[in-house]
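Comments concern the structure below.
Just so it is clear: chains get the letters A, B, ... in the order the sequence lines come, proteins before strands, and each one is counted from 1.
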Amino acid sequence: MAKLRIATFNINGIRSRLPALLQWLEREAPDIVCLQELKAVDSAFPADQLRAAGYGAVWQGQSAWNGVAILSKGDAPVESRRGLPGFEEDTHSRYLEAAVGGVLIACLYLPNGNPQPGPKFDYKLAWFDHFIAHAAKLFRSGHPVVLAGDFNVVPTDEDIYNPRSWLKDALLQPESRERYRKLLAQGWTDALRTHFGDERVYTFWDYFRRHWDTNSGLRIDHLLLSADLAPRLSDAGVDRWVRGEPHASDHAPTWIELDMKPKRAPQKSTKTKKETGQEPAAKAVQKMPAQKRVRKKSVPVGKSARATASK
DNA sequence: ATGTCGTTCTCGGAACGA
C-alpha cells in the first residue's frame, strides 16, 4: 500500500455517534483514525463493532469527558505511550501514541481552555507546554511521526470565518497561538495549511447560531508532519459531508494522504517482499504485527523513509 | 450573556463542559 490515509475526528461522544462513525469508516475507509472526545469509559468503547468493521483500536477512555483512540485497518496499532511524560498528575484522557504502518501516530485532545482567563485556561497552557516538550523529542528522534488531533487552537485569523465574536475565546488567545507557532517552529509541517495554501478550510462548526448552515467554521483539528513525512504529503481534505448528516458531531473528519513509496525508487524496482515491514520507525514499530504482509498487491515498501532524508 | 449539544445523576430536568 503506497498511500496511507490518516484522519483525525473529534467524535463528541462515541456511543451516540457510533452509527455515524461506522458509516464514515465504510464510505471513506481511512487507514488510520485518531478519535477525540470519546466521552466513554474504557469498558464502553465499541471495540467489537469496530473490529467487525475491519478496524483494530487502542483507546484511553474516561467517564463523561475527553477520551482518545487510535484505529487502524486490520491489526490494532501498537501503543507506545498514554499520557504526556512529566505530566503524570494529569487526570484527563487526552494523549495516546501508537505505531501503525511504520509511522508513529500521536493522537491528542488539547484542552479547550474556556473560560479564559482562569484555571481551565491555565490548564490548557500547561498541557500545551508539556506537549511541546514531548513533541520536540519526537521530532528530534527522526522517526516518521504524525501529530493529529483536536488542538483547540485557531492558528491565525485565516482559520476562522470571522474572529470578531471569538476574540475572548481560549481558542484564539495569543498565548494559545504562540504555543502553536512554537510547536511548528520545531520543524513540523501543518499539513492542511500546506495543502490548501491561501484557501479557507474549516474542521469545526459549533452547534450555535446556525454556524454550519452559514459555513461559519474554525480550523482547529490539525495534522502535523515530521521532516521526513512532509515531502510525502500527497493529498488532504475535510469530510464535510459527515458534518452535514443528521445528529452529527460539531467536528468533521480531517485527513491527509501520505505517499509511502520509497523516495527514490530502486532502478529495477525489484525489492523482495521480505524487505517490507522492516522500517525502523520506533521501538514500538518493531513489536508491531506485520499487518502489511496481507497487502500482497502493494508496491514494495523498500527501506526507511529516512534513508533518503537529509539529516 | 447567548446559542446547542452529549454527558451524568437520576428517572424529569438541571448542571456541566465545550
Between [atom2] on [N] and [atom1] on [X], what's the gap in Å once rounded to a whole number?
X      : N      : atom1 : atom2 : result
A:D213 : B:dC5  : CG    : P     : 11 Å
A:K168 : B:dA1  : NZ    : P     : 9 Å
A:F204 : B:dG6  : CZ    : P     : 13 Å
A:L18  : B:dG6  : CG    : P     : 14 Å
A:K39  : B:dG17 : NZ    : C1'   : 7 Å
A:N66  : B:dT8  : CG    : P     : 12 Å

Is a donor on one side and an acceptor on the other found under 3.5 Å between the side chain of [X] and the backbone of [Y]?
X      : Y      : result
A:H134 : A:H130 : no
A:Q36  : A:L110 : no
A:E79  : A:A98  : no

Q) Looking only at side-chain N and O atoms, does A:R17 come under 4.0 Å of OP1 or OP2 in B:dG6? A) yes
- [ ] Would you indicate, yes or no, if B:dT7 has its OP1 or OP2 atom less than 4.0 angstrom from a side-chain nitrogen or oxygen of A:S63?
- [x] no
Nearest-Å distance once atom C1' is located in both B:dG3 and B:dA18 | 12 Å
Among [options], which nucleotide sits nearest the side chain of [X]?
X      : options               : value
A:S16  : B:dA18, B:dG17, B:dT7 : B:dT7
A:F208 : B:dG17, B:dT4, B:dT2  : B:dT4
A:Y207 : B:dC5, B:dA18, B:dT7  : B:dC5
A:R209 : B:dT2, B:dA18, B:dG17 : B:dT2

Considering every strand and a 4.0 Å limit on heavy-atom distances, what is the contact class for A:H247: base, sugar-phosphate, or nothing? sugar-phosphate
Would you indicate what A:R210 reaches in the nucleic acid, counting non-hydrogen atoms under 4.0 angstrom: base, sugar-phosphate, or nothing?
-> nothing
### Query
Any cation-pi pair here, A:R210 with A:W205, using under 6.0 Å and within 45°?
no
Notebook entry, point to check: Is atom CD of A:E88 surrounded by more than 12 heavy atoms (other residues, nucleotides or ligands) closer than 6.0 Å?
Noted result: yes
